[in-house]
Every structure is written in C-alpha cells, then in structure tokens.
Amino acid sequence: DAGVIQSPRHEVTEMGQEVTLRCKPISGHDYLFWYRQTMMRGLELLIYFNNNVPIDDSGMPEDRFSAKMPNASFSTLKIQPSEPRDSAVYFCASSSVAGWYNEQFFGPGTRLTVL
Amino acid sequence: KNQVEQSPQSLIILEGKNCTLQCNYTVSPFSNLRWYKQDTGRGPVSLTIMTFSENTKSNGRYTATLDADTKQSSLHITASQLSDSASYICVVSSRDSWGKLQFGAGTQVVVTP
C-alpha cells in the first residue's frame, strides 16, 4: 500500500487566494482526519470524517476553512480566502474502525506558506 | 490547558547514549497512550501504543512505560543513533471521544556524533 497521499507537498500563495489541499487515504480505511501543525500550537485536529460524513468539525478555525469527502478515496481541505496566519503544515491521516485503538496513519503533509 | 504535557522540550545526546522522555496527562476517561516519532519534513509515525492494563511496550530500541494511576508515561531510547534525531510526540486517547486524540507538544531530540 502506498500509504496516505497528499498533494501538493508545498504550496506558496498570496493572501486572499484560494488554496485547495488534497488527500487520498489508505484503501479500506473508513476514517479520515485533517490536522494542522505549527510551532506555536503543535498538532491540531481540524475535522474528521467517517464513511465520507463529517463527524466533528469543531477544530475548523473559521468559515474560511471547508473540507469535503466526496468519496472514500478522496478528500479536500479548502481555504478561501487565505491569510498569512494560515501558514502551517497540514496533515491528512486515515484509520480503520477495525483497529479499535484508532491507529492513525499520517500522510507526508502539505507545507502551506501564505505571503 | 493542554491535557498532555511533555518534558523536556528538547534535548541533545551523544550517539550511543540512552535518554528518557516524559509525558504527563490528564485525559479522562483514559483509553490508550501512544508515542509517535516525527522526522523533519514528514508525518508522525506510531512507535508504540499502550492500553490501561499495559505497563511497558518495546519497539526495537524504544521502550515505553505507562503508569495509569499517576497518569505518566515515559519513552526510553537505548543506544541512540543519528537516525533517532526527531520530534517524539505523546498522544492520548479518551474512551469518550474515539476520533479525537490529545497531542503533546513533543520533545525534540538531537543525536550528535
């Protein structure tokens, strides 16, 4: 298995632009998580899905952030409009309910820089 | 307040030496605790996971301990190697909230030749 795949690996954009991050979870996993990591705040859960349905989006910072999971093999995290404080590394992770302890497998991350 | 506190924040050790990282948590009701290793520029990778009834678990040169009574865990690295240079993150899961993990801030370990 290729593991969790994220694209792009790096994104540099200007303030006000729309940014779309993409994730392909491990095949067969029914949970998908989006995280943001910064030096100041560490890893923060933004939102997670179960069987393509958003379960908890309480970590989404504000309305500028939105996430979708149209099918079991693809999810997007969109920021519109982007701001410099959104600069961070965004991770996608997936897990399976069959693993009762929720072992999450992380992707390589997308490093976002908003100028 | 963060429910998972790690110490030290960072440490430097000589190659071949041992070191121990600490994790204190207040997450309740407790389900499990795991240690992740995060190399620079990569996503976290699970090293060990322990449930309430487990006191110790090893993964090669990594040994994790758990005291559920005092809500403390440690990660011991034996005979450190340069490849052990990374951030080590303590993560705790609550029985009440399967999907949401509580992350510590991590301990940055640098192994020098």
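The shown structure was predicted, so the numbers you read here are calculated from the model rather than taken from an experiment. What you see below is based on every heavy atom in this structure, not just the backbone, and it leaves out hydrogens, waters and symmetry mates.
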Heavy-atom distance under 4.5 Å to chain A: side chain of B:Q38, backbone, both or neither?
side chain
Interchain contact, [X] with chain B, by part (heavy-atom threshold 4.5 Å):
X: A:L45; answer: side chain
X: A:T38; answer: neither
X: A:R41; answer: neither
X: A:Q37; answer: side chain
X: A:F105; answer: neither

In terms of hydrophobic clustering (I, L, V, M, F, W, Y; side-chain heavy atoms under 4.5 Å; direct or indirect links), are [X] and [Y] co-clustered?
X: B:M50; Y: B:L21; answer: yes
X: B:I77; Y: B:L11; answer: yes
X: A:Y35; Y: B:I89; answer: yes
X: A:Y31; Y: B:V91; answer: yes
X: A:M15; Y: A:F65; answer: yes

Heavy atoms from other residues, nucleotides or ligands near CZ of A:R64 exceed 12 (cutoff 6.0 Å):
yes
Within a 6.0 Å radius of atom CD on A:E14, are there more than 12 heavy atoms belonging to other residues, nucleotides or ligands?
no
Quick one, [X] and [Y] - any side-chain contact, counting heavy atoms below 4.5 Å?
X: B:K100; Y: A:D56; answer: yes
X: A:E103; Y: B:S46; answer: yes
X: A:L43; Y: B:Y36; answer: no

Quick one: closest heavy-atom pair of A:F91 and B:G43, and the distance?
CE2-CA, 3.3 Å
